[in-house]
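These notes are about the structure you will find just below.
We name chains A, B, ... by the order of the sequence lines, and we start the count at 1 in each one. These values consider heavy atoms only, across backbone and side chains, with no hydrogens, waters or symmetry-generated copies.
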Amino acid sequence: MPEGHLIHRYAREQHEALAGRVVTVTSPQGRFDARPYDGRVVEGVEALGKHLLYRLEDAPPIHVHLGMQGLFLRYDDPAAPPRKGVRLRLATGETAFDLIAPARCEAMDEPALAALRTATGPDPLRGDGDKGEAVRRLLATRVPVGAAVLDQAVWSGIGNAWRAELLFLTGLDPAARDIGAEAAGRLWDTAVRYLALGRDAGQVVSDPDAPDERWVYKRERCRRCGAAVRTWTLASRTAYACPAEQRPQAP
DNA sequence: GCAATATGACAAT
DNA sequence: TTGTCCTATTGCA
């Protein structure tokens with residue numbers, strides 16, 4: 001379920017295991033040219049929204065996007081044979097990370113990387129994610145808030161599950177427009193807090209007392225009040241909302 | 001065993 | 001708005 005919290009979790013885990021080390025880089029599947037990277041030192045692994053960026057010494061950055069189905073497997077025995085379809089393996093003497101089914105795995109030059117950073121909105125899980133800028137960008141859109149938060153140029157890292165749960169937690173209807181700076185700020189603060197919980201837990205957490213439960217996402221009834229959850233398509237994804245507790249904000 | 005489904009983002013129409 | 005990509009997982013027969 002690769003939304004931003006898992007991307008950051010992967011980045012943290014892989015940075016700890018790989019940074020400063022020489023890595024063996026291969027593409028068992030053969031669809032990535034690993035030669036420029038094999039045997040080099042990893043300088044760092046970074047998350048930017050739903051993107052992962054790998055910096056290796058004297059080589060262009062590697063850009064990975066997991067898309068809908070991508071995932072990593074970790075082996076504590078780097079001699080473990082990769083399963084079929086592994087696009088990229090990064091291995092030290094102690095650990096191997098296998099990338100499976102990514103939407104993107106490619107070398108990226110600096111201009112493209114700069115363009116990616118420009119096109120990516122504030123990330124609630126990055127220290128450089130600025131609240132004022134986040135509020136400004138959200139208010140600058142004229143689309144419903146449930147569409148704005150999925151737009152990675154507005155805020156980055158939010159996916160469909162987080163959209164449903166964060167808007168519930170903030171009491172905002174996904175269809176609401178012009179929610180105002182106060183509500184936008186509360187939504188950002190909620191994202192910062194809960195995505196960090198999700199990153200540390202490895203899953204979407206919208207109730208710290210019940211980390212496996214959701215309030216409205218993929219539920220028939222609101223977990224708080226029991227009302228039938230309303231579903232419709234918003235920004236090409238299924239939106240979920242409690243009709244009793246999430247209302248358009250008063251002007 | 002097989003079909004349906006998925007937390008995403010594109011390009012093409 | 002629809003189609004395409006990528007693969008694992010889930011649920012049903």
Nucleotides 3-7 of chain C: which of its N/O atoms have a protein N/O under 3.5 Å away?
unit_1 : atom_1 : unit_2  : atom_2 : d
C:dC6  : OP1    : A:Arg31 : NH1    : 3.1
C:dC6  : OP1    : A:Arg31 : NH2    : 2.9
C:dC6  : O2     : A:Gln69 : OE1    : 2.2
C:dC6  : N3     : A:Gln69 : OE1    : 3.1
C:dC6  : N3     : A:Gln69 : NE2    : 3.2
C:dT7  : OP1    : A:Gln29 : NE2    : 2.9

> Any salt bridge (Lys or Arg N to Asp or Glu O under 4.0 Å) pairs touching residues 190-203 of chain A, not counting sequence neighbours?
Replying inline: A:Arg12-A:Asp200
> Listed by chain and number, what are the salt bridge (charged side-chain N to carboxylate O under 4.0 Å, His left out) partners of A:Asp151, not counting sequence neighbours?
Replying inline: none
> Who passes side-chain hydrogen bond (donor to acceptor under 3.5 Å, both in side chains) against A:Asp209, sequence neighbours left out?
Replying inline: none
>> Just to verify, what does A:Lys131 make a side-chain hydrogen bond (donor to acceptor under 3.5 Å, both in side chains) with, not counting sequence neighbours?
In response: A:Asp189
>> Under the rule for salt bridge (charged side-chain N to carboxylate O under 4.0 Å, His left out), what residues qualify as partners of A:Arg219, not counting sequence neighbours?
In response: A:Glu213
>> Enumerate the side chain to side chain donor-acceptor pair (under 3.5 Å) contacts for residues 20-29 of chain A, please, sequence neighbours excluded, ordered by first and then second residue.
In response: A:Gln29-A:Arg87
>> Under the rule for salt bridge (charged side-chain N to carboxylate O under 4.0 Å, His left out), what residues qualify as partners of A:Asp212, not counting sequence neighbours?
In response: none
Taking only nitrogen or oxygen atoms into account, show me every contact under 3.5 Å that the protein makes with nucleotides 10-13 of chain B, one pair per line with its distance.
none

> Can you name the side-chain contact (heavy atoms from CB on, under 4.5 Å) partners of A:Arg137, sequence neighbours left out?
Replying inline: A:Pro122, A:Glu133, A:Val154
> With A:Tyr240, which of A:Trp232, A:Tyr217, A:Phe168 fulfils ring-ring contact (aromatic ring centres under 6.0 Å, His included)?
Replying inline: A:Tyr217
> Of all the base pairs, Watson-Crick or G-U under 3.5 Å, which form stems of three or more consecutive pairs involving DNA chain B?
Replying inline: B:1-6 with C:7-12, B:8-12 with C:1-5
> Taking atom C1' of B:dA6 as reference, at what distance in whole Å does atom CZ of A:Arg237 sit?
Replying inline: 8 Å
> Who pairs with A:Asp130 by side-chain hydrogen bond (donor to acceptor under 3.5 Å, both in side chains), at least two apart in sequence or on another chain?
Replying inline: none
